[in-house]
Engineer: 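First the structure, then my questions, so here it is.
Note that the structure is predicted; figures quoted are calculated from it, not measured. So that the names make sense, note that chain A is the first sequence line, chain B the second, and so on, each numbered from 1.
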2 protein chains.
Amino acid sequence: MAANSRFAVAVHALALIAWHEDARHSSREIAGSVATNPVVIRRLLAQLAKAGIVESAHGAKGGFRLARPARDIRLHDVYAAVEEGGFFALPEKGNDRCPVACRMKEILNGVFRRVESKVLPELKRTTLADVVGRLPRSS
Amino acid sequence: MAANSRFAVAVHALALIAWHEDARHSSREIAGSVATNPVVIRRLLAQLAKAGIVESAHGAKGGFRLARPARDIRLHDVYAAVEEGGFFALPEKGNDRCPVACRMKEILNGVFRRVESKVLPELKRTTLADVVGRLPRSS
DNA sequence: CCATATGTAACCATTATAGTTATATTTATG
DNA sequence: CATAAATATAACTATAATGGTTACATATGG
């Protein structure tokens, strides 16, 4: 699969779980929809569980379900849970003896902060319920 | 260096060029400031040249300079020139026989489009001149 | 002619991610 | 209690993107 589809896969998995909010869903079932391996799903959902977005249960009839209503799960929560850094990479080295390089890190940080300040509200405004609302009825 | 610092390095290189807008700048000089290899700079600036942002000259006294004033180079132009895709990865496969998977691509596309519609104006508003304006005077 | 550039191909190293296999553990149920 | 079904997780491989390096063809000013 393409690199860095973690956020997309996480939303897909959560949408599938929320689609039948009552039942538990196994990693095998979710992997079947996403077309990947169950371990990949478990790894991803482990991060979402750590963030309090889903709950898991061992054993027969186990699986995953939402830890709270879909209406209360913002895409921003999901993004923060599965993607480490921001939208841009900063980690420039730079030559400390160059007056331009010395300031670039700070300048770029400012640019990136301003961009993210536009992105985050949009991801906070959209919830998992909004996503599920665009799916066909679940039966 | 960190993965995907292309945009940051491109802005750094352009700022250095714009700092002394009159002279040409060699990939060796720019690489010295960014702390990387000249070939990496030439590869990146080749993309910016293709986008009409810089011009290059072969031979002695050759090197790079801006193709137009820094005021007219928007960070969005730079981003578009050096970063292929958008901010998120989409390319999910998905099981075609799952009604959720079938809709996810379209739904995620909508989410991503809305997020980008917030980001792009910010990157269009900021120019290379704004970046250079935060550097110390060039002599 | 020669020093100094870019343009680019070719290759290696590194890193991140996905995919896979295997195993320990947990749990519902007959 | 035995069994089937599930998560948790470690360990490994595969793949892809990126950066770094070397090498060489080409162009140009002096």
Side-chain angles (χ1 to χ4, degrees), chain A residues 1-10 12-13 17 23-32 34-51 53-65 67 81-95, chain B residues 1-10 12-13 17 23-32 34-51 53-67 82-95:
Chain A
M1 191 177 304
N4 225 35
S5 55
R6 300 170 67 79
F7 178 60
V9 172
H12 183 154
I17 295 172
R24 286 188 181 276
H25 300 267
S26 71
S27 58
R28 189 155 162 270
E29 174 198 350
I30 299 168
V34 175
T36 185
N37 190 292
V39 176
V40 172
I41 298 298
R42 289 204 292 271
R43 276 200 294 236
L44 199 60
L45 293 192
Q47 294 186 266
L48 296 178
K50 209 173 295 177
I53 295 171
V54 299
E55 290 170 348
S56 64
H58 282 67
K61 298 284 162 70
F64 298 89
R65 69 178 171 199
V82 303
E83 298 280 5
E84 313 268 307
F87 295 89
F88 300 97
L90 187 60
E92 271 205 88
K93 300 178 293 197
N95 179 349
Chain B
M1 190 176 306
N4 226 34
S5 54
R6 300 171 67 81
F7 178 60
V9 172
H12 183 155
I17 295 172
R24 285 188 182 278
H25 300 266
S26 71
S27 59
R28 190 156 160 270
E29 173 198 351
I30 299 167
V34 176
T36 184
N37 190 292
V39 176
V40 173
I41 298 298
R42 290 204 292 271
R43 277 200 292 235
L44 199 60
L45 293 193
Q47 295 187 267
L48 296 179
K50 208 172 296 177
I53 295 171
V54 298
E55 290 170 348
S56 64
H58 281 67
K61 297 284 163 66
F64 299 89
R65 70 178 169 198
L66 301 184
V82 303
E83 299 280 5
E84 311 269 307
F87 295 90
F88 300 96
L90 186 60
E92 270 204 273
K93 299 178 292 197
N95 179 350

Engineer: Between CD1 of B:I17 and CZ of B:F64, what distance do you get to the nearest 0.5 Å?
Structural biologist: 7.5 Å

Engineer: Quickly work out the A:Q47 CD to D:dT7 P distance and round it to whole Å.
Structural biologist: 16 Å

Engineer: Would you name the heavy atoms of A:Q47 and A:A81 that are closest together and state the gap between them?
Structural biologist: NE2-O, 3.3 Å

Engineer: Figure out the NZ/P separation between A:K50 and D:dT7, and round it to whole Å.
Structural biologist: 17 Å

Engineer: Between atom CD in A:E83 and atom P in C:dA16, what is the gap in whole Å?
Structural biologist: 13 Å

Engineer: Is the distance from OP1 or OP2 of D:dT7 to the nearest side-chain N or O of A:S27 less than 4.0 Å?
Structural biologist: yes

Engineer: Atom CG of B:L45 and atom C1' of C:dT6: how far apart are they, to the nearest Å?
Structural biologist: 11 Å

Engineer: Closer than 3.5 angstrom, by distance alone: can the side chain of B:S26 be matched with the main-chain N or O of B:E29 as a donor-acceptor pair?
Structural biologist: yes

Engineer: Report which part of the nucleic acid A:R24 touches: base, sugar-phosphate, or nothing (heavy-atom distance under 4.0 Å, all strands).
Structural biologist: nothing

Engineer: Using every non-hydrogen atom in the two residues, find where B:V82 and B:F7 come nearest and quote the distance to one decimal.
Structural biologist: CG2-CA, 3.9 Å

Engineer: On DNA chain D, check which nucleotide each of A:K61 and A:A46 is closest to and give me the residue with the more 5' one.
Structural biologist: A:K61

Engineer: Please work out if A:R28 contacts a base, only the sugar-phosphate, or nothing of the nucleic acid, heavy-atom cut-off 4.0 Å.
Structural biologist: nothing

Engineer: Of the listed nucleotides (D:dT18, C:dG19, D:dG20), which one gets closest to any side-chain atom of A:N37?
Structural biologist: C:dG19

Engineer: Look at B:K93 and C:dG19 and indicate whether a side-chain polar atom (N or O) is within less than 4.0 Å of OP1 or OP2.
Structural biologist: yes

Engineer: Rounded to the nearest angstrom, tell me the gap between atom NE2 in B:H25 and atom P in C:dA5.
Structural biologist: 13 Å

Engineer: Is A:N95 reaching over with its side chain to a backbone N or O of B:G32, donor-acceptor style, under 3.5 angstrom?
Structural biologist: yes

Engineer: Let me know the distance between CZ of A:R43 and C1' of C:dT21, rounded to the nearest Å.
Structural biologist: 12 Å

Engineer: Rounded to the nearest angstrom, tell me the gap between atom CD1 in A:I30 and atom P in D:dA5.
Structural biologist: 18 Å

Engineer: Taking for each residue the nucleotide of DNA chain C bearing the nearest heavy atom, is the 5' side occupied by A:L44 or by A:G59?
Structural biologist: A:L44

Engineer: Let me know the distance between CG of A:L48 and P of D:dT7, rounded to the nearest Å.
Structural biologist: 14 Å

Engineer: Among the candidates D:dA8, D:dA27, D:dT18, find the nucleotide nearest to the side-chain atoms of A:S56.
Structural biologist: D:dA8

Engineer: Check every strand shown and say whether A:A57 touches a base, only sugar-phosphate, or nothing at a heavy-atom separation below 4.0 Å.
Structural biologist: sugar-phosphate

Engineer: Ignoring hydrogens and angles, are the base of D:dG19 and the side chain of B:R6 linked by a donor-acceptor pair under 3.5 Å?
Structural biologist: no

Engineer: It should be established whether B:S5 places a side-chain nitrogen or oxygen under 4.0 Å from OP1 or OP2 of nucleotide D:dT18.
Structural biologist: no

Engineer: Tell me whether the side-chain N/O atoms of B:T36 come closer than 4.0 Å to OP1 or OP2 in D:dG20.
Structural biologist: yes

Engineer: Just compare D:dT7, D:dT26, D:dT22 and give me whichever is closest to any side-chain atom of A:H58.
Structural biologist: D:dT7

Engineer: Out of C:dA28, C:dA18, D:dT7, which has the shortest distance to the side chain of A:F64?
Structural biologist: D:dT7

Engineer: Would you indicate which nucleotide in C:dT27, D:dA8, C:dG19 comes nearest to any side-chain atom of A:R42?
Structural biologist: D:dA8

Engineer: When you get a sec, tell me which of C:dT4, D:dG20, C:dA28 is the closest nucleotide to the side chain of B:A60?
Structural biologist: C:dT4

Engineer: With B:E55, which of B:R65, B:R24, B:K50 fulfils salt bridge (Lys or Arg N to Asp or Glu O under 4.0 Å)?
Structural biologist: B:R65

Engineer: Can you tell me which nucleotide in D:dT7, C:dA10, D:dT22 comes closest to the side chain of A:S26?
Structural biologist: D:dT7

